[in-house]
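First comes the structure, then the notes that go with it.
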Amino acid sequence: MAIDENTTDSTNPALDLTNPLYMHPSESAGSMLVPGLFDGSGYTSWRRGVLRALSVKNKVGFINGKCRKPDPQDPSYDQWERYDDMITSWILNSISKDLAGSLQYVNDAQELWKELEDIYDQTNGAKLYQLQREINDLSQGTLDINGYYTKMKKLWEELITLNAHAQCKCNCTCDGKGNMQKAEQDRRPIQFLM
């Protein structure tokens, strides 16, 4: 009897496409999550790409702790461990060999992700300064207008992501947050044209 790939079976995680323990036949430990290797710079962009790729595969729970390791007696333990090793391999395959060498001995994907966050997800003055300086010093030069705008937009997005911890998340009634965002949006075309 053939099994339809689109069939879901909540009693068997190997057949339930919505279960994080479902492993598609085309997935292998040698796969890469993002096209470029992370070499220590551009962490926020690399991180977003990895999170997006893991989300598509329904595997973010392995790195954020939502898909917890079952007891060794649980029937799904071996499957969970195999998939966690797969995700760990995917992340390590997305990192340069120099960086990956120091991360080979982590216990699981969640520990690997936490280690990367602890090392590279640092909002610090030096990085903010560097980004702001790149934005201020950027000139069109030999770039066409599209290339120049794309480069500037990438720097703006990286700055926003780096400042995400400092952004207001409250629901104010004075619309102060909206006014600040509007002022930032108005400032960008001026900065682009300058």
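Fair warning: this is a prediction, and the values are worked out from it, not measured in the lab. Residue numbers run from 1 in the order of the sequence given.
In this structure, the side chain to side chain donor-acceptor pair (under 3.5 Å) partners of Lys114, at least two apart in sequence or on a different chain, are Asp118. Take Glu81 and apply the side chain to side chain donor-acceptor pair (under 3.5 Å) test, not counting sequence neighbours, and it matches Tyr77. With sequence neighbours left out, Asp137 forms a salt bridge (Lys or Arg N to Asp or Glu O under 4.0 Å) with Arg133. Residues satisfying the salt bridge (Lys or Arg N to Asp or Glu O under 4.0 Å) test with Lys154, not counting sequence neighbours, are Glu158. With sequence neighbours excluded, no residue forms a side chain to side chain donor-acceptor pair (under 3.5 Å) with Asn146. Asp39 meets the side chain to side chain donor-acceptor pair (under 3.5 Å) test with Ser41; sequence neighbours excluded.
Val106 and Leu37 are assigned to two separate hydrophobic clusters, defined by single-linkage of ILVMFWY side chains at heavy-atom distances under 4.5 Å.
Annotation for Leu33 and Ser94: closest pair N-OG, 3.4 Å, computed over non-hydrogen atoms. Considering all non-hydrogen atoms of both residues, Gln79 and Leu21 come closest at NE2-O, 2.9 Å. The two residues Asn58 and Thr18 make their nearest non-hydrogen contact at ND2-O, 2.8 Å.
Side-chain polar atoms of Tyr129 and Glu134 form no donor-acceptor pair below 3.5 angstrom.
Taking NZ of Lys97 as the start and CG of Leu92 as the end, the distance is 11.5 Å to the nearest 0.5 Å. The CZ atom of Arg52 lies 5.5 Å from the CZ atom of Arg48; values are rounded to the nearest 0.5 Å. A distance of 5.5 Å separates CG of Leu103 from CD1 of Ile95, quoted to the nearest 0.5 Å. In this structure, Ser31 OG and Ile87 CD1 are separated by 11.5 Å, a value rounded to the nearest 0.5 Å. How far CG of Asp84 is from CD of Gln110: 8.5 Å, rounded to the nearest 0.5 Å.
Inter-residue side-chain proximity for Cys67 and Trp80 is flagged as met; some heavy-atom pair is nearer than 4.5 Å. The shortest distance between side-chain heavy atoms of Val60 and Lys66 does not fall below 4.5 Å. Contact of the Leu54 side chain with the Phe62 side chain is not registered, since no non-hydrogen atoms from C-beta on lie closer than 4.5 Å. You'll find the side chain of Leu116 reaches within 4.5 Å of the side chain of Ile91, heavy atoms only. Contact annotation: the side chain of Tyr43 never approaches that of Ile119 to less than 4.5 Å [non-hydrogen atoms, C-beta and beyond]. Between Tyr105 and Glu111, every side-chain heavy-atom pair lies at or beyond the 4.5 Å cut-off. Side-chain contact between Lys59 and Tyr83 is present, with at least one heavy-atom pair separated by less than 4.5 Å. Between Tyr120 and Phe38 the shortest side-chain heavy-atom distance falls below 4.5 Å.
Using a 30° and 60° split on the angle between ring planes, Tyr22 and His24 fall in the perpendicular class, above 60°. Below 30°, between 30° and 60°, or above 60°: for Trp156 and Tyr149 the angle between ring planes is above 60°, a perpendicular geometry.
Using a distance-only test at 3.5 Å, with no hydrogens or angles considered, no donor-acceptor pair links the side chain of Asn93 to the main chain of Met32. Not a single donor-acceptor pair under 3.5 Å links the side chain of Asp71 to the backbone N or O of Asp74.
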*Before giving the answer on side chain to side chain contact (heavy atoms under 4.5 Å, CB included), spell out for Lys69 and Asp108 the whole-Å C-alpha distance, their side-chain angles and the decisive distance to 0.1 Å.*
CA-CA 10 Å; Lys69 186 176 192 172; Asp108 55 40; 5.5 Å; no

*Using the side chain to side chain donor-acceptor pair (under 3.5 Å) rule, take Ser96 and Asp98 through it: C-alpha gap first, then chi angles, then the decisive distance, then the call.*
CA-CA 5 Å; Ser96 71; Asp98 293 339; 5.1 Å; no

*Let me see the working for Trp113 and Asn64 under side chain to side chain contact (heavy atoms under 4.5 Å, CB included), right down to the final yes or no.*
CA-CA 8 Å; Trp113 194 252; Asn64 70 13; over 6 Å; no

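With a 6.0 Å cutoff to the six-membered ring centre and a 45° limit on the axis angle, Lys57 counts as a cation-pi contact of Trp90.
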